[in-house]
K.L.:
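Handing you this structure, nothing more for now.
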Number of protein chains: 2
Amino acid sequence: MDILMKSVKLEMNGKLYVKDPESSDLGKKIVEQSILLIDEIGFECFTFKKLGVRIQSNESSIYRYFENKHKLLLYLASWYWGWMEYRMVFATNGISNPEKKLKKAIEVLTQNVEEDSSFSHVNEVVLNRLIINEYSKSYLVKEVDQENKDGYFTISKRIVSRISKMIQEVDGSYPYPLSLASTILEGTLHQYFLAEHFPKLTDCNQKITPTQFFTDLIFRTLNLKPNG
Amino acid sequence: MDILMKSVKLEMNGKLYVKDPESSDLGKKIVEQSILLIDEIGFECFTFKKLGVRIQSNESSIYRYFENKHKLLLYLASWYWGWMEYRMVFATNGISNPEKKLKKAIEVLTQNVEEDSSFSHVNEVVLNRLIINEYSKSYLVKEVDQENKDGYFTISKRIVSRISKMIQEVDGSYPYPLSLASTILEGTLHQYFLAEHFPKLTDCNQKITPTQFFTDLIFRTLNLKPNG
DNA sequence: GCGAATATAATAGTATTACTATCAACATAT
DNA sequence: ATATGTTGATAGTAATACTATTATATTCGC
């Protein structure tokens, strides 16, 4: 990852936090260590009290940054998708051939996150694992419509919209570009989860990647050549 | 739905419950009303105490049937997929043409559940909605590997396996039958959720159904004719 | 019809969770 | 020197997720 990224700050919806965690050392520590702790013990077992012990700070101090752990998860998800969108736009910018552009976008979106780019204090490898395991829980809640109105899902929606538009650029007659795009975004997380825990439910493994599966799917669906 | 179904009892993994809820009136009431209550208030807010009030029974009595609400969710999911598998096998049985068979299976799996077949005390319309909203939470947990070993996900795995085999019957050269099958199963739930809460992320709506989207996807991917 | 076994209800109790409130300590900015 | 903001420490509350015990009601075998 380019060194340039280290100086970029992702813009976050201000309603996601009580106090901007980027504005202090404690805030950054909360974000950094919450990712590691949720990854270790799972979102259900994760509490602000446990995080407080881990960062040698106080439960009440964490509440000054995030209302509750659900909002923290929304924040982390928003961060992840912001990072993903940035990489996607960066990687596809300047590609004029629609097929190549779509292929590149799918590649970035479905690729395994293998190394921590040290883009700020966030470990993207661990965050990626967290998103695979916990992202669904951020929107599968009764409050989803209000939270959607509050703009908490803006970024991942924009990614789906971008992919959908690229699909249309490649094949304007294809009738389901949005559904295909959202299926790839969500399906990627799911395929990684299956590869880890239900290997009999997926063809993805060490040799076959979700990138190959979804790239192939797109090519077949839009009737393209694999070398497009 | 055929009247025959009323007399069929779905076989459940005995480890899912402490005491078989099918074995008593209270047990059936627990299953019946838990579906309605979870649908109303969401899995996070659902407690055995609240269910106890609703069925005018005691919290501790419910614990005699299910260890905790997570196990109850696993039970309900298992019931749902058992019911789905039954319908799928029933509907495809006797179809010898592989393409027609696959098409029928996808149709059953992706179709909107519109009427309560009154197959026992379970309201399938509500259960379907519950599965769309809560199913992911049943396996996105730290204990997933142990619970998989305990066989809690056997039925949905078998459905994926069946679809995968049907895909291979249609096109033996297609390299990702398992991933395609699991993408359809999970993707269907996701598309219904999006249609309800994020209409801008899907093409599915009152006119376009997930069945159409996924049937089209399968046809394009396996290079078939729509009238196959 | 009676006693034994079983199912359910009622009550109480515990540890943890998910917070809220208050106040003190410290740093910084003016 | 004083006001302001940040963090830490402590305490407290209501709800959750159970477990345990005892009482009561129902059912079954004989």
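The sequence lines fix the lettering, A, B, ..., with proteins before strands; numbering per chain opens at 1.
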K.L.:
Answer with base, sugar-phosphate or nothing: what part of the nucleic acid does B/Phe66 contact at a heavy-atom distance below 4.0 Å?
P.N.:
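The answer is nothing, as B/Phe66 stays clear of every strand by at least 4.0 Å.
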K.L.:
To the nearest Å, how far apart are A/Ile62 CD1 and C/dT17 P?
P.N.:
13 Å
K.L.:
Answer yes or no: is there an ion pair linking B/Glu44 with A/Lys142, defined by an N-O contact shorter than 4.0 Å?
P.N.:
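Judged by the 4.0 Å cut-off on N to carboxylate O distance, B/Glu44 and A/Lys142 do not form a salt bridge.
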K.L.:
State, to the nearest 10°, the angle formed by the axis through the first five base pairs of the helix from C/dG1-D/dC30 to C/dT30-D/dA1 and the axis through its last five.
P.N.:
10°
K.L.:
Let's see if you get this right: which residues in residues 23-47 of chain A place a heavy atom under 4.0 Å from DNA chain D?
P.N.:
A/Ser24, A/Leu26
K.L.:
Taking the side chain as C-beta and beyond, is there a heavy-atom pair between B/Ser138 and B/Leu74 under 4.5 Å?
P.N.:
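With C-beta onward as the side chain, the pair touches.
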K.L.:
Whole Å only: how far is the CG atom of B/Leu51 from the P atom of C/dT8?
P.N.:
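In whole Å, C/dT8 P and B/Leu51 CG are 14 Å from each other.
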K.L.:
Indicate whether any N or O donor in one side chain lies under 3.5 Å from an N or O acceptor in the other, for B/Ser182 and A/Gln191.
P.N.:
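Note: B/Ser182 and A/Gln191 side chains meet the donor-acceptor criterion.
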K.L.:
Between the protein and nucleotides 19-27 of chain C, which nitrogen or oxygen pairs come in under 3.5 angstrom?
P.N.:
residue, atom, partner, partner atom, Å
C/dC19, O5', A/Tyr63, OH, 3.2
C/dC19, N4, A/Glu59, OE1, 3.3

K.L.:
Ignoring hydrogens and angles, state whether a donor on the side chain of A/Asn148 or B/His197 is under 3.5 Å from an acceptor on the partner side chain.
P.N.:
no
K.L.:
Might you work through the side chain to side chain donor-acceptor pair (under 3.5 Å) test for B/His121 and B/Gln33, ending with a clear yes or no?
P.N.:
CA-CA 9 Å; B/His121 47 287; B/Gln33 294 296 319; over 6 Å; no
K.L.:
With sequence neighbours excluded, tell me which residues meet side chain to side chain contact (heavy atoms under 4.5 Å, CB included) with B/Asn58.
P.N.:
B/Ser60, B/Ser61
K.L.:
Who passes side chain to side chain donor-acceptor pair (under 3.5 Å) against A/Ser156, sequence neighbours left out?
P.N.:
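In terms of side chain to side chain donor-acceptor pair (under 3.5 Å), with neighbours along the sequence ignored, A/Ser156 is linked to A/Tyr135.
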K.L.:
Quick one: sort the A/Phe43 and A/Phe46 rings into parallel, tilted or perpendicular, breaks at 30° and 60°.
P.N.:
parallel
K.L.:
Verify, without hydrogens or angle tests, whether A/Asp39 (side chain) and A/Leu130 (backbone) share a donor-acceptor contact under 3.5 angstrom.
P.N.:
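Checked: no pair found.
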K.L.:
Hydrogens and angles aside, do B/Gln146 and B/Asp150 bring a side-chain donor and acceptor to less than 3.5 Å of each other?
P.N.:
yes
K.L.:
Of all nucleotides in DNA chain D with an atom under 4.0 Å from a non-hydrogen atom of chain B, which is the first and which the last going 5' to 3'?
P.N.:
D/dT16 to D/dA20
K.L.:
Does A/Thr202 use its side chain to pair, donor to acceptor, with the backbone of A/Pro199 at less than 3.5 Å?
P.N.:
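Checking the backbone N and O of A/Pro199 against the side chain of A/Thr202, no donor-acceptor pair under 3.5 Å is found.
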K.L.:
Taking only Lys NZ, Arg NE, NH1 and NH2, and the carboxylate oxygens of Asp or Glu, determine whether B/Glu134 and B/Lys137 approach each other closer than 4.0 Å.
P.N.:
yes
K.L.:
Indicate the ring-plane relationship of A/Phe213 and B/Tyr176, choosing parallel, tilted or perpendicular according to the 30° and 60° boundaries.
P.N.:
perpendicular
